[in-house]
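Values below: every heavy atom of this structure, side chains too, minus hydrogens, waters and symmetry copies.
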Amino acid sequence: MIDRRIEGLTAWYQPIVDLNTGKVVGCEVLSRIVAADGLGGSAAALMNELEQEPEVQYALIRKLLESIRREIVPIFARHPDFYVSVNIPPSVFGTGRIAPLLSSLDLDPWRTRLVVELTERQALCDLGRAAIRNARSLGIAVALDDFGTGHSGLSQFVGLDLDILKIDHRLLESILENRTAARMLRGIVGLAAALRLRTVAEGVETWEHAFFLRAAGVDYGQGFYWSKAVPGAEIEALLARGFAHSLDRPPAR
């Protein structure tokens with residue numbers, strides 16, 4: 001029987017946008033608590049509660065992957081470069097349980113279109129390193145989430161086989177006013193380029209942020225400036241429309 005705490009959770013998807021073209025290149029699947037009026041609320045508090053409960057986390061990941069199979073795989077077939085990113089904790093991915101789960105859900109043909117996200121703290125533990133190795137063996141890309149505001153030394157990341165750095169939204173909050181934050185952002189972009197990693201800036205809320213990030217060389221953006229997380233049925237329309245217009249000029253005041 002599924003844990004009652006996750007029965008009411010639904011998978012919604014937030015677009016990830018190419019900062020040079022405005023094209024929707026992917027999405028991140030997020031758990032949402034959907035109210036009677038159809039509005040989706042954050043489930044962050046529940047995610048924190050479940051952090052020490054691997055079996056419930058596993059049931060939730062299965063639920064999210066089932067939604068991806070049902071709602072996103074048909075989009076994969078029509079958009080060859082589109083990917084979906086999902087947070088899978090090391091307690092699930094690092095223990096070898098994902099491979100049989102993907103097979104049972106007929107997701108094996110789409111493994112290269114999946115990205116697993118791990119935070120700095122998760123990636124540096126033994127299970128996190130095992131999760132990265134497991135992802136690599138399955139052909140799944142790995143993103144380091146919330147990068148730029150942690151307390152880990154860069155030397156600790158040597159040997160981690162990554163594909164994407166996701167720049168933490170807290171760094172973006174001050175890049176327009178604080179020269180140190182702006183320099184840190186550019187430093188992260190330079191580091192990613194040297195390591196041949198793609199960059200995704202999270203929490204983009206304004207045209208000014210998007211403009212700065214594009215000028216700094218960040219590859220992709222994700223945030224309310226383009227779209228909140230939406231139900232799977234709305235992703236195809238966002239793909240068709242794109243956001244090229246959002247990068248041309250600042251919005252009218």
Closest heavy-atom pair and its distance - S103, D108: OG-OD2, 2.7 Å
Would you say N87 and E28 are linked by a side-chain donor-acceptor pair, where the criterion is simply a distance under 3.5 Å? yes
Contact between L114 and V86 at the side-chain level, heavy atoms closer than 4.5 Å - yes or no? no
So which heavy atom on L30 is nearest to which on A229, and how close? CD1-CB, 4.0 Å
Can you tell me how far the CZ atom of R32 sits from the CD atom of Q14, to the nearest 0.5 Å? 7.5 Å
Under the criterion side chain to side chain contact (heavy atoms under 4.5 Å, CB included), which of L144, L118, V116 is the partner of I132? L118
Full working for salt bridge (Lys or Arg N to Asp or Glu O under 4.0 Å) between E55 and R97: CA-CA 11 Å; E55 289 306 312; R97 303 180 72 183; 3.0 Å; yes
To the nearest 0.5 Å, tell me how far E236 CD sits from F82 CZ. 8.5 Å
Within-4.5 Å side-chain heavy-atom neighbours: L176 and H209: yes
Set of residues satisfying side chain to side chain contact (heavy atoms under 4.5 Å, CB included) with respect to R133, sequence neighbours excluded: R129, A130
Hey, mind stepping through L107 and V73 against side chain to side chain contact (heavy atoms under 4.5 Å, CB included) and telling me if it holds? CA-CA 8 Å; L107 282 170; V73 164; 3.7 Å; yes
More than 12 heavy atoms from other groups under 6.0 Å of CZ on F211: no
Could you walk me through whether L238 and W226 pass the side chain to side chain contact (heavy atoms under 4.5 Å, CB included) test, one step at a time? CA-CA 10 Å; L238 292 178; W226 294 287; over 6 Å; no
No-hydrogen, no-angle side-chain donor-acceptor test under 3.5 Å, D145 and T119: no
What heavy-atom pair brings L105 and E66 nearest, and what distance separates the two atoms? CD2-CG, 3.6 Å
Do V115 and L102 sit in one hydrophobic cluster, given that two such residues count as connected whenever their side-chain heavy atoms are within less than 4.5 Å of each other, even indirectly? no
Would you call F93 and L138 a side-chain contact if the rule is heavy atoms closer than 4.5 Å? yes
Can any side-chain N or O of D163 pair as donor or acceptor with the backbone N or O of V142 at less than 3.5 Å? yes
Does the side chain to side chain contact (heavy atoms under 4.5 Å, CB included) test come out yes or no for S104 and R62, once each step is laid out? CA-CA 10 Å; S104 71; R62 182 182 183 93; 3.7 Å; yes
About how many Å separate CH2 of W12 and CD of E71, when rounded to the nearest 0.5 Å? 11.0 Å
Quick check: closest heavy atoms across R136 and I140, and the distance to 0.1 Å? NH1-O, 3.6 Å
Consider only side-chain heavy atoms of I, L, V, M, F, W and Y, link residues closer than 4.5 Å, and tell whether Y220 and L239 are in one cluster. no
Connected via hydrophobic side-chain network under 4.5 Å: V24 and I16: no
Hey, could you give me the CZ/CG distance between F147 and L191, rounded to the nearest 0.5 Å? 5.5 Å
Return the OG1 to CZ distance between T112 and F76, rounded to the nearest 0.5 Å. 8.5 Å
Contact summary for A210 and V204, nearest pair of heavy atoms: N-CG1, 4.0 Å
Distance (rounded to the nearest 0.5 Å) between I98 CD1 and S137 OG: 11.5 Å
Residues R198, D18; criterion salt bridge (Lys or Arg N to Asp or Glu O under 4.0 Å); working and verdict: CA-CA 11 Å; R198 288 172 287 166; D18 187 312; over 6 Å; no
Taking the side chain as C-beta and beyond, is there a heavy-atom pair between P231 and T10 under 4.5 Å? no
Linked, directly or transitively: L165 and I175 (ILVMFWY side chains, under 4.5 Å): yes
Between H169 and Q222, do the side chains contain a donor N or O and an acceptor N or O under 3.5 Å apart? no
W110 vs I72, side chain to side chain contact (heavy atoms under 4.5 Å, CB included): CA-CA, chis, key distance, verdict: CA-CA 10 Å; W110 309 104; I72 303 300; over 6 Å; no
Donor-acceptor check, side chain of Y225 to backbone of S246, threshold 3.5 angstrom: yes or no? yes
Under 3.5 Å donor-acceptor, K166 side chain and E117 backbone: no
When clusters are formed by joining ILVMFWY residues with side-chain heavy atoms under 4.5 Å apart, either directly or through shared neighbours, do V29 and I235 land in the same one? yes
Do E173 and N178 have side chains that get closer than 4.5 Å, going by heavy atoms? no
Measure across L19 and G221 and return the closest heavy-atom pair with its distance rounded to 0.1 Å. CG-N, 3.9 Å
Between L185 and V218, is any pair of side-chain heavy atoms under 4.5 Å apart? yes
Inspect the surroundings of CZ in R78 and state if more than 12 heavy atoms from other residues, nucleotides or ligands are less than 6.0 Å away. yes
